[in-house]
Amino acid sequence: MLARIEKYQTVDSLIGELLGFSRDPDSLSGSAVESPAVEDATFAPPLDVTENKEEVVVVAELPGVKKEDVKISLEKGLLTIGGKRGEETLSGDARGLLREQQKGKFSRTVRLPYEVNADNVSADLSDGLLRIVLPKAEAARAHEITVR
Amino acid sequence: MTQLNNAILKKSDVEPGPGASLRAPLSVPASDISEAGEAYVLYLDMPGARKEAISVTVVDEMLVVRAPITPIHGEGATILYREIRTGAYERRFALGEGIDRKNVDARYENGVLAVRLLKTEALKPKEIVIK
């Protein structure tokens with residue numbers, strides 16, 4: 001097993017790091033994120049973050065991951081998705097010819113752009129996509145001002 | 001082309017088919033392939049596909065897997081950060097002589113498509129009886 005996932009050096013992730021989304025477990029001690037959720041994570045699943053008037057929505061790709069193997073935590077404005085992806089179960093004499101899928105422990109931490117209502121967070125895992133809906137705290141919601 | 005197993009099963013790079021729209025970039029699903037006894041099993045990571053929209057076909061000695069990626073964000077959503085692929089999945093695998101084209105079984109679960117290909121008689125492991 002890989003000791004560490006290779007460093008991501010894409011422009012995308014640099015932009016992400018500026019926004020506070022870290023996908024490199026090694027960088028968790030940096031300013032964006034305060035503490036590693038899973039010390040020995042081997043991969044960081046891709047994710048999207050969106051918002052609408054009432055909610056922040058985080059969607060992560062977790063193909064082959066079972067519901068019971070995902071842990072989500074929210075602390076001090078940091079949302080952490082962690083867990084593990086096991087091997088497909090085949091008969092004992094199966095021989096691997098190609099190995100591209102990422103297996104093992106994963107972890108991803110997002111600094112949420114708004115204060116959220118932690119008691120009303122919901123999460124759903126289906127077709128390999130984890131969708132976490134975080135309602136914005138009342139103070140963080142956009143209020144429309146009527147021009148008189 | 002990367003040869004996988006003595007011309008029995010080969011992996012090819014993506015060749016966009018005629019159905020591939022220019023507006024929909026193609027994603028190559030990460031895949032594992034296992035060989036077990038009488039079969040090969042291909043596992044393709046296809047999160048966000050819908051079971052009924054996945055097509056698995058054998059055309060011209062190629063196994064072709066395609067599926068549109070269902071848009072995951074609602075109408076009013078503003079994207080703050082994006083890594084998840086959009087468009088469609090497509091991947092082709094060249095089939096060697098030893099694959100039974102009429103016995104292809106596919107199932108989709110937890111965002112992973114598993115395609116089971118049976119070996120033809122000539123390739124199945126045979127036990128030799130000692131007389």
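Only a predicted model underlies this, so the values are computations on that prediction, with no experimental measurement involved. Just so it is clear: chains get the letters A, B, ... in the order the sequence lines come, proteins before strands, and each one is counted from 1.
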Item to check | Audit row: A:Lys103, B:Asp32, salt bridge (Lys or Arg N to Asp or Glu O under 4.0 Å) steps and yes/no | outcome: CA-CA 11 Å; A:Lys103 306 278 172 70; B:Asp32 276 12; 2.9 Å; yes
Distance from [X] atom [atom1] to [Y] atom [atom2], nearest 0.5 Å?
{"X": "B:Thr70", "Y": "A:Asp127", "atom1": "OG1", "atom2": "CG", "result": "7.5 Å"}
{"X": "B:Tyr40", "Y": "A:Arg95", "atom1": "OH", "atom2": "CZ", "result": "7.5 Å"}
{"X": "A:Arg99", "Y": "B:Ser34", "atom1": "CZ", "atom2": "OG", "result": "4.5 Å"}
{"X": "A:Glu100", "Y": "B:Ile33", "atom1": "CD", "atom2": "CD1", "result": "7.5 Å"}
{"X": "A:Leu47", "Y": "B:Arg82", "atom1": "CG", "atom2": "CZ", "result": "12.0 Å"}

Under 3.5 Å, side-chain donor or acceptor atoms of residues 103-118 of chain B against the rest of the protein: list the pairs with distances, not counting sequence neighbours.
residue  : atom : partner  : partner atom : Å
B:Asn103 : ND2  : B:Asp100 : OD2          : 3.0
B:Tyr108 : OH   : B:Met46  : O            : 2.7
B:Tyr108 : OH   : B:Ala49  : N            : 3.4
B:Tyr108 : OH   : B:Ala49  : O            : 3.2

Next on the checklist: Checking an interface table here. Which of residues 51-58 of chain A come within a heavy-atom distance under 4.5 Å of chain B?
Outcome noted: A:Glu51, A:Asn52
Checklist entry - Mind checking which of residues 128-138 of chain A sit less than 4.5 Å from chain B, heavy atom to heavy atom? => result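 Under the 4.5 Å heavy-atom cut-off, A:Gly128, A:Leu129, A:Arg131 qualify.
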Checklist entry - When you check the gap from the basic side-chain N to the acidic O, do A:Asp48 and B:Arg85 get nearer than 4.0 Å? => result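 B:Arg85 and A:Asp48: not salt-bridged.
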Checklist entry - With sequence neighbours excluded, what pairs up with B:Ala53 under the side chain to side chain contact (heavy atoms under 4.5 Å, CB included) test? => result B:Arg50, B:Pro68
Next on the checklist: Using modelled atom types and a 3.5 Å cut-off, is there a donor and acceptor pairing between side-chain atoms of B:Glu35 and backbone atoms of A:Gly96?
Outcome noted: no
Checklist entry - So which of A:Lys66, A:Arg85, A:Lys67 has the largest heavy-atom pair count under 4.5 angstrom toward chain B? => result A:Arg85
Checklist entry - Where does A:Leu125 contact chain B at under 4.5 Å (heavy atoms): side chain, backbone, both or neither? => result neither
Item to check | Heavy-atom pair count under 4.5 Å with chain A, highest-scoring of B:Gly48, B:Gly74, B:Gly76 | outcome: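 Between B:Gly48, B:Gly74, B:Gly76, the count favours B:Gly48.
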